[in-house]
**Student:** 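There's a structure below that I have some questions on.
Chain naming here is simple, since letters A, B, ... match the order of the sequence lines and numbering starts at 1 in each. Everything numeric here is computed off the predicted structure, so don't read it as measured data.
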Number of protein chains: 2
Amino acid sequence: MFRDANLDLAFQALADPSRRAMVDRLVRGPATVSELAKPLAMSLPGVMQHLAVLEASGLVISEKIGRTRTCRIEPKVLTRAEHWIAERRALWERRLDRLGQFLEDTKDED
Amino acid sequence: MFRDANLDLAFQALADPSRRAMVDRLVRGPATVSELAKPLAMSLPGVMQHLAVLEASGLVISEKIGRTRTCRIEPKVLTRAEHWIAERRALWERRLDRLGQFLEDTKDED
DNA sequence: GCAACACTTAAGTCATTACTTAAGTGTTTA
DNA sequence: TAAACACTTAAGTAATGACTTAAGTGTTGC
């Protein structure tokens, strides 16, 4: 449970606005490196490096055909990150409920 | 929509396993700095710096009473991060559905 | 009052990140 | 076949991150 390198890489990847923009583009369908680069005020090697981070995290996979590389989302890691947060929110809400119940139960005890 | 510094900070904060361990502890209820530090093989100033990152991201708030500082989760940012992912997953699933429908519709066209 | 306690600040180190420009490699098109 | 295209590699730089140790501040218990 501790030292989940997958989550490290996933959240790290999502922490950068350029990479989130790339993910945002890719959930709408596959794209080439150039297409991903177009809206980003950045050199192509810069985009490649972001892509490498996204691939290392497992959020994105890509395949080269001829001279163009096509990238697509791989949703498993995205789902895992979402679940990590959802579980913690559930714990937090459960605790709030217990707290509310406790306050309710002890409302007029003194 | 672009340049969402809140999400930058939130995902960045969650990218570190020590900070996730702290969040994990705090969703179960408030804790002092020392309590947060105990399971982390790290000096207290190290923990303080992680706490500063968590507070800067808005994931955690803390209050000092006497000589002890008590930390607690502030769930808004956690929820926002979860929603960012959930929206992208929804977009991705919607696209898969459209694609499936398209394949279904054109199944025996040739 | 003074020692233990619970942080807190400061400062230094080493690694990683987010870029850049320049110079490739292999593929396609005219 | 030569130029344009779509990356790709390499290398350099400035900033940020994740720690550390040492020294400090204010609070509490004896």
**Student:** Kindly compute the distance separating CD (Glu82(A)) from CD (Glu82(B)), expressed to the nearest 0.5 Å.
**Tutor:** 6.0 Å
**Student:** Give the minimum heavy-atom separation between Cys71(B) and Leu26(B), together with the two atoms involved.
**Tutor:** O-CD2, 3.4 Å
**Student:** How close do Leu59(A) and Ala10(A) get, heavy atom to heavy atom, and via which atoms?
**Tutor:** CD1-O, 4.0 Å
**Student:** dC19(C) phosphate, OP1 or OP2: any side-chain N/O from His50(A) under 4.0 angstrom?
**Tutor:** yes
**Student:** Report yes if at least one side-chain N or O of Thr68(B) is closer than 4.0 Å to OP1 or OP2 of dC5(C); otherwise report no.
**Tutor:** no
**Student:** Between the protein and nucleotides 24-28 of chain D, which nitrogen or oxygen pairs are less than 3.5 angstrom apart?
**Tutor:**
unit_1: dT27(D); atom_1: O2; unit_2: Arg67(B); atom_2: NH1; d: 3.2

**Student:** Roughly how far apart are Leu78(A) CG and Arg88(B) CZ, rounded to 0.5 Å?
**Tutor:** 9.5 Å
**Student:** Specify the separation, in whole Å, of atom CG of Leu51(A) and atom C1' of dC19(C).
**Tutor:** 16 Å
**Student:** Nearest heavy-atom pair of Met42(A) and Val47(A): which atoms, and what distance?
**Tutor:** SD-N, 3.8 Å
**Student:** Is there a donor-acceptor contact under 3.5 Å linking the side chains of Gln101(B) and Asp97(B)?
**Tutor:** no
**Student:** State which of dA6(C), dC19(C), dC19(D) makes the closest approach to the side chain of Met42(B).
**Tutor:** dC19(D)
**Student:** Using whole Å, report how far CG of Leu40(B) lies from C1' of dT20(D).
**Tutor:** 15 Å
**Student:** In whole Å, I'd like the distance from the CG atom of Leu44(A) to the C1' atom of dT20(C).
**Tutor:** 13 Å
**Student:** Please report the shortest heavy-atom distance between Ala81(A) and Leu7(A), naming the atom on each side.
**Tutor:** CA-CD2, 3.8 Å
**Student:** By the 4.0 Å heavy-atom rule, please label Ser43(B) as base, sugar-phosphate, or nothing.
**Tutor:** base
**Student:** Please encode protein proximity along nucleotides 9-16 of chain D as a string of B, S and -, counting only heavy-atom distances under 4.0 Å.
**Tutor:** B-B-----
**Student:** Can you figure out which of dC19(D), dT20(C), dC7(D) approaches the side chain of Arg69(A) most closely?
**Tutor:** dC7(D)
**Student:** Tell me which one of Arg69(A), Arg72(A), Glu74(A) satisfies side chain to side chain donor-acceptor pair (under 3.5 Å) with Ser62(A).
**Tutor:** Arg69(A)
**Student:** Return the orientation label for the Phe11(B) and Phe11(A) ring planes: parallel under 30°, perpendicular over 60°, tilted otherwise.
**Tutor:** parallel
